[in-house]
Amino acid sequence: MYPQTTGIAPSYTDSSLLIIPDMLELNFIRENPQLVIDRLALKNFKAGEAVNRILEIDINRRETQKLLDDNLAESNNIAREVGILFKSGKQAEAQELKNRSAELKIAAKELGDRLEEIQKELNNLLVTLPNLPHPTTPPGRLPEDNPEVQREGDIPELAVDALPHWELATKYDIIDFELGVKLTGAGFPVYKGKGARLQRALINFFVDEAVKAGYIEIQPPLMVNEASGYGTGQLPDKDSQMYFVGEDKFYLIPTAEVPVTNIYRDVILKTEDFPVKNVAYSSCFRREAGSYGKDVRGLNRLHQFDKVEIVQLRHPDDSYQALEEMREHVAGLVRKLELPFRIIRLCGGDMSFTSAWTYDFEVYSTAQKRWLEVSSVSNFETFQANRMKLRFRDSNGKTRLAHTLNGSALALPRIVAALLENNQTPEGIRIPKALVPYTGFELIS
RNA sequence: GGAGAGUUGGCCGAGUGGUCGAAGGCGCACGCCUGGAAAGUGUGUAAGCUCCAAAAGGGCUUCAUGGGUUCGAAUCCCAUGCUCUCCGCCA
């Protein structure tokens with residue numbers, strides 16, 4: 001009854017983030033090694049060995065760095081003296097110093113190479129450590145272990161001959177999967193007539209609701225460069241999830257989160273800039289290599305789909321308050337669409353690599369008799385910010401990492417699937433009241 | 001796509017081989033002045049890594065990015081990105 005059990009959160013959530021290398025702050029690990037190990041145990045992650053190795057390498061790194069710095073300092077001094085000697089015509093003495101400098105240079109090269117190697121090894125280890133889950137994270141390994149924290153709405157009683165959405169789509173000629181195959185391939189459906197209009201209605205509805213809630217609307221590029229891919233952590237794991245435009249070295253975005261969050265890459269905010277709240281609609285592109293079976297039937301999993309994403313940047317002190325705000329916002333959307341839904345809190349084992357706390361939203365698809373994940377709302381704390389160097393200046397004038405949060409609000413395909421299936425009647429498919437101003441019709445027939 | 005010009009700190013802008021992390025200005029912060037404000041005036045004002053118990057202070061790196069020349073590079077050379085101008089093409 002669950003969408004899948006890959007151990008990684010299902011897609012539509014930003015699972016592309018999971019694969020990857022955001023990372024914990026080295027200083028934090030250095031100062032709290034045991035805490036890191038204990039906390040990661042909540043994610044069923046055995047960090048002991050890696051942490052110890054990291055601490056070792058870090059010592060080596062600092063020693064090497066010191067040697068290199070001293071070397072460079074001497075070189076700098078020599079260069080300065082040589083200049084002075086030349087000016088006063090003391091060629092011979094200058095030559096002597098030049099010789100010394102040449103020696104230093106060889107040593108520096110060696111030290112530099114060694115440092116680079118150490119650094120690389122350190123990074124390779126650092127990126128294997130997931131974000132620390134919040135201490136209250138429920139234990140568990142599987143989706144079955146995710147506690148339900150809220151449930152709303154009644155599951156409708158459908159006629160015995162109720163159809164799954166892919167058949168309804170054909171019956172009313174609103175989504176054409178075959179045609180998509182002709183044009184592109186599987187997973188690229190063509191929306192037609194009222195189906196297309198429904199897409200547009202949902203997008204506008206979602207964006208409008210977010211703007212009402214104080215989010216600034218952003219229309220980002222649908223392709224990003226390499227730096228942005230690294231910024232949110234999709235890279236270096238590029239091949240697995242993202243489409244790549246080789247000629248210009250651009251990546252098609254798997255979620256608006258990538259361009260939107262990267263707006264703040266290398267940015268130092270002022271405290272009064274908080275909270276930063278952005279909303280963006282975008283098409284999303286995912287290769288979804290390795291998926292198969294009923295998980296990909298119809299709208300359940302697509303290579304191209306539409307999503308409205310909300311992103312917040314917060315002061316560490318109130319990021320969890322923001323998480324609850326976002327949860328309530330998303331709940332409001334599903335409620336207005338009159339879909340039965342539940343919210344689950346992901347257990348340690350089911351949480352994404354980057355997340356510290358995640359709520360998943362699932363709507364019930366009556367004809368498929370299963371819950372479909374439609375949103376994932378997460379607090380990443382400083383994990384993404386560390387990688388992106390997203391900071392703010394606190395009251396002491398010191399720079400600190402900000403907290404980042406995001407959530408789907410919402411992803412369209414599974415919402416459409418649930419709407420079609422749950423609202424089917426002998427007369428046609430009923431459009432929820434909140435959406436009618438956007439669709440301009442009340443019934444798909 | 002072709003030709004040319006450019007790319008310096010939060011912003012503007014000087015700097016064509018040596019003491020430049022970078023003049024000057026703006027902005028910002030704090031102080032003086034003022035009944036209060038403006039004006040004026042003084043001081044300060046990048047980030048990362050690192051040394052130090054910490055503070056103070058010190059070292060290293062960074063003038064688009066990556067490489068190179070040199071004892072020494074913001075400054076010279078090469079490649080790339082980006083911006084602007086002209087031509088071409090075009091929704």
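Below, chains carry the letters A, B, ... as their sequence lines are ordered, and counting in each starts from 1.
Following rounding to the nearest Å, A:Asp266 (CG) and B:rA47 (P) show an atom-to-atom distance of 14 Å. Across the protein-nucleic acid pair, A:Lys270 atom NZ and B:rG10 atom C1' stand 8 Å apart, rounded to whole Å. Rounding to whole angstrom units, CG of residue A:Asn76 and P of B:rU61 are separated by 5 Å. Taking atom CZ on A:Arg393 and atom P on B:rG27, their separation rounds to 19 Å, with Å as the unit. Rounded to an integer number of Å, the gap from A:Leu68 CG to B:rU62 P is 11 Å. Rounded to whole Å, the distance from CG on A:Leu67 to C1' on B:rC49 is 15 Å. Nucleotide B:rG59 holds its C1' atom 17 Å from the CD atom of A:Glu63, rounded to whole Å. Rounded to a whole Å, the CG atom of A:Asn99 is 15 Å from the C1' atom of B:rU70.
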Under 3.5 Å, which protein N or O atoms sit close to an N or O of nucleotides 18-23 of chain B? Give each pair with its distance.
residue: B:rG18; atom: N2; partner: A:Ala79; partner atom: O; Å: 2.5
residue: B:rU19; atom: O4; partner: A:Lys87; partner atom: NZ; Å: 2.8

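With respect to A:Ser376, the side-chain hydrogen bond (donor to acceptor under 3.5 Å, both in side chains) criterion is satisfied by exactly one of A:Asp360, A:Asn406, A:Thr358: A:Asp360.
As rounded to the nearest Å, B:rA38 and B:rC33 have P atoms that lie 15 Å from one another.
Considering only side-chain N and O atoms, A:Arg62 lies nowhere under 4.0 angstrom from the phosphate OP1 or OP2 of B:rC60.
Remark: B:rG21 base-pairs with no nucleotide; criterion is Watson-Crick or G-U wobble with both hydrogen-bond distances under 3.5 Å. B:rG10 is paired with B:rC26 under the Watson-Crick or G-U wobble criterion, all donor-acceptor distances under 3.5 Å. Partner assigned to B:rU80 is B:rA64, using Watson-Crick or G-U wobble distances below 3.5 angstrom.
For A:Ile429 against A:Leu419, the heavy-atom pair with the smallest separation is CG2-O, 4.1 Å. Taking both residues in full, the closest heavy atoms of A:Phe274 and A:Leu313 are given as CD2-O, 3.4 Å, listed atom of the first, atom of the second, then distance.
For A:Asn262 and A:Arg265, the side-chain atoms include at least one donor-acceptor pair closer than 3.5 Å. Under 3.5 Å, the side chains of A:Arg345 and A:Thr136 contain a donor-acceptor pair of N or O atoms. A:Tyr172 and A:Glu167 share no side-chain donor-acceptor pair at under 3.5 Å.
Using cut-offs of 30° and 60° on the angle between ring planes, the pair A:Phe188 and A:Tyr243 is tilted.
Within 4.0 Å of A:Ser75, counting heavy atoms only, lies no atom of the nucleic acid at all.
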